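Computed from a prediction, not measured in an experiment: that's the story for all the values here.
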Amino acid sequence: MAVLLESFRDGVKTITLNRPKKKNALNREMYLRIAEIFNEDAKNDEIVVTILTGVGDYFTSGNDLSSASITLDPDEAIKPVEDMVQAFINYPKLIICVVNGIAIGIGATIITLCDIVYASDKAAFDTPFLKLGLCVEGTSSLNFPLILGRSLASEVLFLNRRLTAQEALHYGLVSRIIPHNDINRYINDLHKYGKLAVGTVKRNKAAIMANFRQQFTECNKRELGVLKECVTSEDFANSMAQWFASRSKL
């Protein structure tokens with residue numbers, strides 16, 4: 001079964017995370033392929049809009065901690081994450097994220113690099129980085145304080161406060177809430193934006209991103225540098241031991 005579903009129609013590319021039994025957790029293969037898709041599609045002007053969503057009750061549960069990639073050399077394990085985040089930063093056309101369910105870790109942070117974010121009324125946003133001995137990622141160390149304000153961002157990122165879809169709307173993390181049963185219809189309706197003139201889309205996005213691209217790029221590198229320190233730390237080793245022990249009891 002394909003872990004990513006891709007479709008293209010009427011100027012719109014749709015990427016769907018498709019590991020429902022694993023709560024759409026992102027493994028090395030998915031990081032690499034998502035980066036590849038965005039980098040390839042950046043050069044294809046038949047694509048005006050890219051929609052990112054997921055299958056099932058989860059948008060994504062974040063990094064697949066059960067994946068073999070966590071046993072790799074830290075540089076080798078982290079590079080695909082850095083490259084995927086950078087591919088979002090560099091993408092010259094519209095990215096619309098439709099958060100179909102619970103978003104954890106990088107699933108909650110990567111949405112801030114999308115141009116527009118819609119969320120199911122069943123969505124929630126959860127960032128258990130400190131609990132796992134990890135580091136903020138997906139440029140959240142910059143974007144969460146910008147969007148949420150520093151105090152709430154710190155509560156979310158450090159203390160693992162979960163945001164409901166309604167809270168995410170209130171604080172500007174998402175722009176609209178969609179009734180869960182209407183998600184597929186709503187995604188279908190978004191295809192009308194594939195008729196926008198791609199040149200105009202790219203010029204307008206470039207004008208906005210000129211204010212942020214360098215900051216986002218530097219933030220991505222800085223966060224992943226700290227993440228490398230985290231995954232080689234005793235804190236992370238202890239957190240993983242506790243996590244695997246809790247999983248063995250299920």
Side-chain angles (χ1 to χ4, degrees), residues 3 17 19 21-35 54 58-89 102-113 124-163 173 215-250:
V3 294
L17 307 178
R19 295 182 80 200
K21 291 183 179 179
K22 289 285 189 177
K23 300 177 181 178
N24 292 335
L26 298 175
N27 59 20
R28 180 178 175 81
E29 174 189 354
M30 295 169 77
Y31 283 119
L32 292 169
R33 181 56 187 151
I34 292 169
Y58 280 73
F59 172 57
T60 170
S61 56
N63 191 46
D64 185 355
L65 296 176
S66 65
S67 169
S69 66
I70 67 170
T71 65
L72 297 173
D73 173 81
D75 288 323
E76 189 177 353
I78 288 169
K79 189 64 164 62
V81 182
E82 180 179 352
D83 290 348
M84 186 194 77
V85 172
Q86 193 62 44
F88 274 76
I89 294 168
I102 298 169
I104 299 176
I106 198 166
T109 60
I110 199 69
I111 67 169
T112 64
L113 291 174
F125 303 87
D126 199 352
T127 54
F129 298 122
L130 271 66
K131 184 189 299 184
L132 296 172
L134 292 172
C135 169
V136 294
E137 59 193 6
T139 72
S140 57
S141 62
L142 173 62
N143 277 327
F144 270 43
L146 285 176
I147 296 168
L148 302 175
R150 185 173 174 185
S151 180
L152 178 57
S154 295
E155 189 177 23
V156 169
L157 294 172
F158 297 161
L159 305 184
N160 194 200
R161 171 177 168 178
R162 173 180 281 208
L163 294 177
L173 194 63
Q215 291 183 73
F216 290 168
T217 297
E218 291 173 354
C219 181
N220 184 31
K221 289 185 177 297
R222 184 168 57 250
E223 287 177 350
L224 274 296
V226 177
L227 182 59
K228 180 181 176 181
E229 294 177 15
C230 287
V231 299
T232 56
S233 72
E234 186 177 348
D235 291 345
F236 179 68
N238 291 337
S239 295
M240 287 299 95
Q242 293 172 11
W243 186 84
F244 280 111
S246 67
R247 297 289 294 174
S248 67
K249 295 176 182 177
L250 296 178

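From E82, atom CD reaches atom NZ of K228 across 11.0 Å, with rounding to the nearest 0.5 Å. The distance from the CG atom of N143 to the CD atom of Q215 is 9.0 Å, given to the nearest 0.5 Å. Here the straight-line distance linking atom CG of L227 with atom CZ of R222 works out to 14.0 Å at 0.5 Å rounding. With values rounded to the nearest 0.5 angstrom, N63 atom CG is found 7.0 Å from E137 atom CD. Atom CG of residue L113 and atom CD1 of residue I111 lie 10.0 Å apart, to the nearest 0.5 angstrom. Distance check, rounded to the nearest 0.5 Å: CG of L157 to OG1 of T109 gives 8.5 Å.
C219 and L142 get closest at one heavy-atom pair: SG-CB, 3.8 Å. For T127 against V156, the heavy-atom pair with the smallest separation is OG1-O, 2.6 Å. Contact detail for V81 and A77: the closest heavy-atom pair is CG2-O, 4.2 Å. Across every non-hydrogen atom of F144 and A108, the tightest pair is CZ-O, 3.7 Å. Nearest heavy atoms, F129 versus V136: CD1-CA, 3.8 Å. Taking each heavy atom of C230 and C135 in turn, the nearest pair found is SG-CB, 3.7 Å.
A donor-acceptor pair is defined here as one N or O able to donate and one able to accept, closer than 3.5 Å; such a pair exists between the side chain of R19 and the backbone of A25.
Counting only N and O atoms by type, the side chains of T139 and E223 include no donor and acceptor under 3.5 Å apart. N24 and T60 form no side-chain donor-acceptor contact under 3.5 Å, judged by distance and modelled atom types alone.
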- Evaluate the side chain to side chain contact (heavy atoms under 4.5 Å, CB included) criterion for residues L130 and N160: first the C-alpha distance (whole Å), next the side-chain angles of each, then the deciding distance (0.1 Å), finally the verdict. CA-CA 8 Å; L130 271 66; N160 194 200; over 6 Å; no
- Please report the C-alpha distance between L26 and D64 in whole Å, then the side-chain angles of each, then the deciding distance to 0.1 Å, and finally whether the side chain to side chain contact (heavy atoms under 4.5 Å, CB included) criterion is met. CA-CA 5 Å; L26 298 175; D64 185 355; 5.9 Å; no
- Task: Please assess Y31 against D83 for the test side chain to side chain contact (heavy atoms under 4.5 Å, CB included), listing each intermediate value before the final yes or no.
- Result: CA-CA 8 Å; Y31 283 119; D83 290 348; over 6 Å; no
- Between Q86 and K221, does a side chain to side chain contact (heavy atoms under 4.5 Å, CB included) hold up when you go through it step by step? CA-CA 9 Å; Q86 193 62 44; K221 289 185 177 297; 5.7 Å; no
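A 4.5 Å side-chain heavy-atom check between M30 and R33 finds every atom pair outside the cut-off. No side-chain heavy atom of I102 sits under 4.5 Å from any side-chain heavy atom of K23. Side-chain contact check for I34 versus L17: some heavy-atom pair is nearer than 4.5 Å. Put simply, the side chain of D126 reaches to within 4.5 Å of the side chain of P128, judged on heavy atoms.
Under the side chain to side chain contact (heavy atoms under 4.5 Å, CB included) criterion, E29 pairs with V3, N27, not counting sequence neighbours.
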